[in-house]
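All values below come from the heavy atoms of this structure, side chains included, with hydrogens, waters and symmetry mates left out. Each ligand, and each atom within it, is numbered from 1 in the order the structure gives. FYI, the numbering just counts along the sequence from 1.
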Amino acid sequence: MSKHDPIQVEGLFLNQSSKSWDNYDQALRWVQHLIYEHYAKKTQPFSGIQLEELLAQLGTIQLIPEENRDLFEVLTQVSQSILQHSVVVHHPACVAHLHCPPLIPALAAETMISATNQSMDSWDQSPAATLLEQKIIEWLCQLFSFKETADGVFTSGGTQSNLMGLLLARDRYILDRFHWHVQKQGLPPEAHRLRVLCSKSAHFTVKQSAALLGLGENAVVCIETDERQQMCINDLEQKLQQLIEKGNLPFALVATAGTTDFGSIDPLVELANRAREFGIWFHVDAAYGGAIILSDQHKSKLAGIEHADSISVDFHKLFYQPISCGAFLIKDRSQFHLIKHHADYLNPEEDESQGIPNLVGKSIQTTRRFDALKLYISMQTVGRIQFAKMIDYTLELAQKTAKLICADPQLDIMNPIPSLNAVVFRYRTSHTPAAISARDWQNQINQSIRHSLLMSGKVVLAQTKVEGESCLKLTLLNPRTTLEDVETILTQVKEIGAQLEIERGEKQVHV
Ligand SMILES: *Cc1c(COP(=O)(O)O)cnc(C)c1O
């Protein structure tokens, strides 16, 4: 037994030995080979495998064998069972969700992030990484025109960032109004009267956060939207007034900059003014739309975001980063005190007096990935101008797509002027069988179109509902998707729609 390898694990970990290097090098090369051959070269966005078949295939796997197995064999098997049936996020016909193809520089960065495994909770676990994350946060704060007092932290994404925004808003309000420390004392007796306002198109995580914060989903008051799915100021004012008259306690207004379905951006300047007048926290959920701040052409759409008390922005959407990567930014860094804990083993108060930065005090996570590195490496290699071009291109592609759909008698557009790059539309059925209402028929056919295209593996399309009507959605994040690709997708939608109408129509007659 070697002195340095008492239980023979040489080669399982990185170290100076050539065996370690050989294993690492070969493992990564093999992974790259498999990804390239069995994933990147795919001609369809999905294999089309049925759920039952996939369940059956995976059901035969012995998860944890007693004895070790050869890594290359395991990886190869994973490529057959998992890569083979993964959605191909870089494929031009993978257009369902805010689910981006990741940049190659970010993929290289991920290798570095995981190999070095820095943990962002304390400085002694991530000395240089802590400082780089902090610098990136400062850059982001400047990008959104926040002042010197601003700060932030990387998060797992919009869900966590929204929760943090509402958590701080709640604790701030309760402290100011009732001199009550939620962190220490829990919720005050008045908590059942607390209210959050957002538009009815806001992300579901606003309600989820209210539930997690002990306020309940019913504490979220949904404001009407206009025809472009932006929050109506009139309705907001009315509801605020009513809440106050009834003795409720509105403490946060959440604006969305880029709603999930339509990419709509709420009127930020006006909302910021209302929030200030009513003395409530203004949180902007820019998880999706925040990226347009990089674009000279489009950043004016975010005017007013600089008045936010806090902002959510995701990098695993329009910044083309691998999951997960997001940030939470705050106008006044002293608010982080509301949630800070000192753990003797991790971030003792002495550290603070010595100026040692332990980021755990700003996060609701403890152990945390160095995700800032992939954004840094991506920004460095792509540059701001090229980033902006990619975003501009996808927004323009969405406009052109909407025009195509408008001009097509077989399709209906729901957002003729897309705010960002999501396009919502419907297949228009040609005739309705006698036994069913036109509306139900149209809904059924549209739902089936999405399902059939997914199961054919040809197009991964999203579905949503607009005022109860089933719709289809293209989320055009990929800057490599062309208008011809979109035309091909629309042709497939119409072909499968027509085919389904015939098949289903016959069945309908026979029932
Ligand atoms: C994606 C999204 C979220 C949720 O963010 P995750 O990164 O999935 O946690 C919240 N709000 C909006 C507007 C989003 O687009």
Side-chain angles (χ1 to χ4, degrees), residues 87 89 95-102 106 140 144 152-167 169 196-213 217 220 222-223 225 228-231 252-268 271 282-293 301-302 304-305 308 310-329 363-365 368-369 371-372 374-375 391 394-395 398 415 418-424 462 464 473-477:
V87 288
V89 289
V95 285
H97 299 280
L98 291 164
H99 186 186
C100 67
L140 286 165
F144 286 98
V153 68
F154 272 73
T155 64
S156 63
T159 306
Q160 194 181 54
S161 302
N162 286 345
L163 176 63
M164 288 188 74
L166 290 174
L167 167 66
V196 177
L197 297 105
C198 64
S199 94
K200 63 178 193 187
S201 303
H203 198 261
F204 75 86
T205 50
V206 176
K207 284 193 175 157
Q208 188 192 52
S209 299
L212 292 172
L213 292 170
E217 289 191 356
V220 177
C222 289
I223 308 299
T225 51
R228 294 196 64 193
Q229 296 220 345
Q230 299 168 347
M231 198 190 292
L253 173 62
V254 179
T256 312
T259 58
T260 308
D261 276 348
F262 281 25
S264 304
I265 300 171
D266 286 333
L268 302 177
L271 295 184
F282 184 42
H283 177 76
V284 179
D285 178 1
Y288 171 18
I292 64 170
I293 200 80
K301 294 178 180 170
L302 295 178
I305 199 166
S310 54
I311 300 174
S312 300
V313 56
D314 269 1
F315 308 113
H316 53 218
K317 289 172 180 167
L318 261 182
F319 281 84
Y320 306 107
Q321 297 303 298
I323 298 162
S324 62
C325 197
F328 171 70
L329 305 176
S363 180
I364 54 174
Q365 279 175 274
R368 189 163 59 79
R369 285 167 53 87
D371 288 316
K374 60 200 185 197
L375 182 63
I391 292 165
T394 63
L395 267 62
N415 59 337
S419 304
L420 296 174
N421 43 25
V423 183
V424 185
T464 188
K473 181 169 76 160
L474 302 163
T475 313
L476 300 167
L477 294 186

> Heavy atoms only: give me the nearest H316-C100 pair and the separation to one decimal.
O-SG, 3.5 Å
> Check V424 against D261 and note the closest heavy-atom contact, atom names and distance.
CG2-O, 3.4 Å
> Can a donor-acceptor pair be found between the side chains of N162 and S209 at a distance below 3.5 Å?
no
> Which atom pairs, nitrogen or oxygen on both sides, join ligand 1 and the protein at under 3.5 angstrom?
from: ligand 1; atom 1: 5 (O); to: G158; atom 2: N; distance (Å): 3.1
from: ligand 1; atom 1: 5 (O); to: T159; atom 2: N; distance (Å): 3.3
from: ligand 1; atom 1: 5 (O); to: D314; atom 2: OD2; distance (Å): 3.4
from: ligand 1; atom 1: 7 (O); to: G158; atom 2: N; distance (Å): 2.9
from: ligand 1; atom 1: 7 (O); to: D314; atom 2: OD2; distance (Å): 2.6
from: ligand 1; atom 1: 7 (O); to: H316; atom 2: NE2; distance (Å): 2.7
from: ligand 1; atom 1: 9 (O); to: G158; atom 2: N; distance (Å): 3.3
from: ligand 1; atom 1: 9 (O); to: T159; atom 2: N; distance (Å): 2.8
from: ligand 1; atom 1: 9 (O); to: T159; atom 2: OG1; distance (Å): 2.5
from: ligand 1; atom 1: 11 (N); to: D285; atom 2: OD1; distance (Å): 3.3
from: ligand 1; atom 1: 11 (N); to: D285; atom 2: OD2; distance (Å): 2.7
from: ligand 1; atom 1: 15 (O); to: K317; atom 2: NZ; distance (Å): 2.8

> Are L163 and T205 packed together at the side-chain level, in the sense that at least one heavy-atom pair is separated by less than 4.5 angstrom?
no
> Give the minimum heavy-atom separation between F328 and H283, together with the two atoms involved.
CE1-CE1, 4.2 Å
> Ignoring hydrogens and geometry beyond distance, is a side-chain donor-acceptor pair present between T155 and S161 at under 3.5 Å?
yes
